[in-house]
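Right, one structure below, let's go through it.
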Amino acid sequence: MALNTSADAPLPVGEVSRLIGGWIDRLGAVWVEGQITQLSRRPGAGVVFLTLRDPSYDISVSVTCYRQVFDAVSDVVSEGARVVVLAKPEWYAPRGQLSLRATEIKPVGVGELLARLEQLKKSLAAEGLFAAERKKPLPFLPRLIGLVCGRASAAERDVLENARHRWPAVRFEVRNVPVQGVHAVPQVVQAVKELDALDGVDVIVVARGGGSVEDLLPFSDEQLVRAVAACRTPVVSAIGHEPDSPLLDLVADLRASTPTDAAKKVVPDVGEEHERVRLLRDRARRSVRSFVEREERGLAQALARPSIEDPHRMVDGRAEQVESLLDRGRRTLGHLLDRADSELTHTHARVVALSPAATLRRGYAVLQRADGQVVRDPDEVTAGEALRARVAEGEFSVRVDA
């Protein structure tokens with residue numbers, strides 16, 4: 001219920017604590033799952049104190065129980081174990097502290113954990129987080145590799161040494177985090193996000209040297225799986241546990257069987273690349289040499305052809321033919337011109353012989369009346385009419401005598 005308070009009418013701390021305790025007392029018992037991080041069994045004490053932590057988040061709560069409740073599972077429950085407890089929330093007013101009073105504790109078995117993981121796996125697969133089309137290709141030669149691993153671990157040493165042995169110039173940005181236990185998930189998630197946001201990191205490797213199913217539970221945590229799925233940078237899972245593959249292997253862009261295998265898959269081997277370059281250079285040299293030799297043979301064959309070897313042979317062979325045809329043409333044209341000249345001379349002679357001037361030279365005359373009309377009939381003229389007589393050498397006037 002909301003309280004009516006103000007700066008002028010505040011509630012005392014004791015009253016606030018009492019009200020909170022009253023609200024919590026009204027809560028019933030609940031089943032709670034978590035991982036035991038601290039366990040205190042004081043000799044002779046009738047109460048056992050432990051801390052229950054959510055492995056996916058940085059949240060923990062204190063739990064108390066009577067010794068006989070814990071003794072029932074003391075053989076199988078220790079620090080780091082996952083348990084399910086039936087507890088009722090309690091409020092300790094003097095310190096303002098919330099705790100759980102457990103009346104029953106049940107260890108979470110491996111079979112149950114695997115069943116939950118299988119269910120989570122199906123759920124995440126249905127969302128498409130494990131789909132092949134979502135996976136990003138790794139760069140051929142990363143400039144900077146982000147590495148998430150345990151501090152001074154064998155996994156870190158394997159990745160660094162093998163990668164630098166293969167490519168000495170490779171650089172690493174290392175994040176040392178817990179890789180098991182209650183603090184593993186949030187710190188691994190934070191490290192992955194930091195490396196993904198860091199400029200220059202081309203690939204992220206999450207490495208661990210294997211372990212039991214319980215040890216690898218952080219790498220099947222839903223929060224970590226979703227964080228890796230959201231990464232822009234390619235992620236390589238190198239957990240190194242073959243029989244029970246964690247969910248990180250499925251969501252990662254590449255799965256390596258071991259940290260050493262991750263180093264081999266992330267960076268190329270400088271010796272192998274030198275050999276590959278040498279082979280490619282030799283292949284290119286052979287190809288160029290073969291091409292040049294083939295073109296040289298083709299050029300030699302072309303130069304051996306008669307038309308190329310003696311290019312003037314064809315011209316010289318045609319020169320006589322051209323000269324013969326030229327002489328023949330000259331003769332033919334000469335004959336044609338001579339014949340045409342003879343015909344022209346004959347035609348000119350005939351024209352001259354038949355012309356009026358030639359007739360006049362033979363003594364004939366042409367009489368024309370004053371209007372220029374030629375007189376052809378004596379009846380066309382009258383006595384005393386003046387006519388003009390045209391002869392070969394000129395003309396003169398005549399008059400008709402009756």
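The figures here come from the full heavy-atom set of this structure, side chains too, leaving out hydrogens, waters and symmetry mates.
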Polar contact flag, side-chain donor to acceptor under 3.5 angstrom, Q38-R53: no
Set out, in order, the CA-CA distance, both residues' side-chain angles and the distance that settles salt bridge (charged side-chain N to carboxylate O under 4.0 Å, His left out) for R285 and D282, then state yes or no. CA-CA 5 Å; R285 187 180 294 112; D282 292 343; 2.9 Å; yes
Begin with the C-alpha distance, continue with both residues' side-chain angles, and end with the deciding distance and a verdict on side chain to side chain donor-acceptor pair (under 3.5 Å) for Q187 and R175. CA-CA 9 Å; Q187 294 197 31; R175 293 291 186 273; over 6 Å; no
Partner residues of R164 under the salt bridge (charged side-chain N to carboxylate O under 4.0 Å, His left out) criterion, sequence neighbours left out: none
Where L224 and P218 come nearest, the two heavy atoms and their spacing: CD2-O, 3.5 Å
Does R390 have more than 12 heavy atoms from other residues, nucleotides or ligands lying within 6.0 Å of its CZ? no
Inter-residue atom distance N176.CG - E156.CD, 0.5 Å rounding: 4.5 Å
Nearest heavy-atom approach of A389 to V398 is CB-CG1, 4.1 Å
Heavy-atom side-chain proximity of I145 to V205 below 4.5 angstrom: yes
Donor-acceptor contact present, side-chain R208 to main-chain V179, <3.5 Å: yes
Is a donor on one side and an acceptor on the other found under 3.5 Å between the side chain of S74 and the backbone of D71? yes
Taking L247's backbone N and O only, do any of them form a donor-acceptor pair with S220's side chain (distance below 3.5 Å, no angle check)? yes
Output yes when D261 and K264 qualify as a salt bridge under the 4.0 Å nitrogen-oxygen rule, no when they do not. no
Hey, are E222 and R226 close enough for a salt bridge, meaning a charged N less than 4.0 Å from a carboxylate O? yes
Any heavy-atom pair between the side chains of Y92 and L98 that's under 4.5 Å? no
Kindly give the heavy-atom pair with the smallest separation between A87 and A102, and that separation in Å. CB-CA, 3.7 Å
Check this for me: K106, atom NZ, are more than 12 non-hydrogen atoms of other residues, nucleotides or ligands nearer than 6.0 Å? no
Test your reading of the model: is there a side-chain donor-acceptor pair from S324 to the backbone of E320, 3.5 Å cut-off? no
Here the gap from H274 atom NE2 to D269 atom CG, rounded to the nearest 0.5 Å, amounts to 9.5 Å
Check whether N162 reaches the backbone of D158 with its side chain - one donor and one acceptor, N or O, closer than 3.5 Å. yes
Using a 3.5 Å distance criterion without hydrogens, assess whether the side chain of R166 forms a donor-acceptor pair with backbone atoms of V267. yes
Would you check if V73 and P107 make a side-chain contact, meaning some heavy-atom pair closer than 4.5 Å? yes
4.5 Å side-chain heavy-atom contact, L250 and K121: yes
Side-chain touch T64/L100, heavy atoms, less than 4.5 angstrom: no
To the nearest 0.5 angstrom, please state how far the CZ atom of F130 sits from the CG atom of L124. 4.5 Å
Other residues, nucleotides and ligands only: do more than 12 of their heavy atoms fall within 6.0 Å of CZ on R42? no
Check whether any side-chain N or O of K136 sits under 3.5 Å from a backbone N or O of C231 as a donor-acceptor pair, and report yes or no. yes
Enumerate the residue pairs fulfilling salt bridge (Lys or Arg N to Asp or Glu O under 4.0 Å) with a member in residues 329-339, sequence neighbours excluded, ordered by first and then second residue. D327-R330
Please confirm whether the backbone N or O of T233 pairs with a side-chain atom of D196, one donor and one acceptor, at under 3.5 Å? yes
Kindly indicate, with the supporting measurements, whether the criterion side chain to side chain contact (heavy atoms under 4.5 Å, CB included) is fulfilled by L280 and R276. CA-CA 6 Å; L280 291 175; R276 184 176 290 108; 4.2 Å; yes
Looking at side-chain heavy atoms only, is the closest gap between I105 and F70 below 4.5 Å? yes
Check step by step if side chain to side chain contact (heavy atoms under 4.5 Å, CB included) holds for W31 and V85. CA-CA 6 Å; W31 285 100; V85 302; 5.8 Å; no
Of the non-hydrogen atoms in G146 and V201, which two are nearest, and what is the gap between them? N-CG1, 3.8 Å
Charged N-O contact under 4.0 Å between R369 and E385: yes
Is the backbone of R376 close enough, under 3.5 Å, to the side chain of E380 for a donor and an acceptor to pair up by distance? yes
Considering all heavy atoms of both residues, which atom of I204 and which atom of V148 are nearest to each other, and what is their separation? CG2-CG2, 4.4 Å
Which value, rounded to the nearest 0.5 Å, describes the distance between S99 atom OG and E90 atom CD? 5.0 Å
Please check if the number of heavy atoms outside K135 that lie under 6.0 Å from its NZ is greater than 12. yes
Does R41 CZ have over 12 foreign heavy atoms under 6.0 Å away? yes
Could you tell me whether the side chain of R18 reaches within less than 4.5 Å of the side chain of W23, counting heavy atoms only? no
When rounded to the nearest 0.5 angstrom, what distance separates CG in L11 from OG in S17? 12.0 Å
Is V48 close to L39 at the side-chain level, that is, under 4.5 Å between some pair of heavy atoms? yes
Give the C-alpha distance, both sets of side-chain angles, the deciding distance and a yes or no for side chain to side chain contact (heavy atoms under 4.5 Å, CB included) between R101 and C65. CA-CA 6 Å; R101 172 71 69 171; C65 66; 5.7 Å; no
Around D199, counting heavy atoms of other residues, nucleotides and ligands shown, do more than 12 lie under 6.0 Å from its CG? no
Distance-only check: which donor-acceptor pairs under 3.5 Å involve side-chain atoms of residues 286-296, not counting sequence neighbours?
residue	atom	partner	partner atom	Å
S287	OG	R283	O	2.9

Test your reading of the model: is there a side-chain donor-acceptor pair from D249 to the backbone of R255, 3.5 Å cut-off? no
Roughly how far apart are E127 CD and R134 CZ, rounded to 0.5 Å? 10.0 Å
Distance-minimising heavy-atom pair for G200 and L144: O-CB, 3.3 Å
Could you walk me through whether V83 and E33 satisfy the side chain to side chain contact (heavy atoms under 4.5 Å, CB included) test, starting with their C-alpha distance in whole Å, then the side-chain angles of each, then the deciding distance to 0.1 Å, before giving a yes or no? CA-CA 6 Å; V83 294; E33 180 183 356; over 6 Å; no
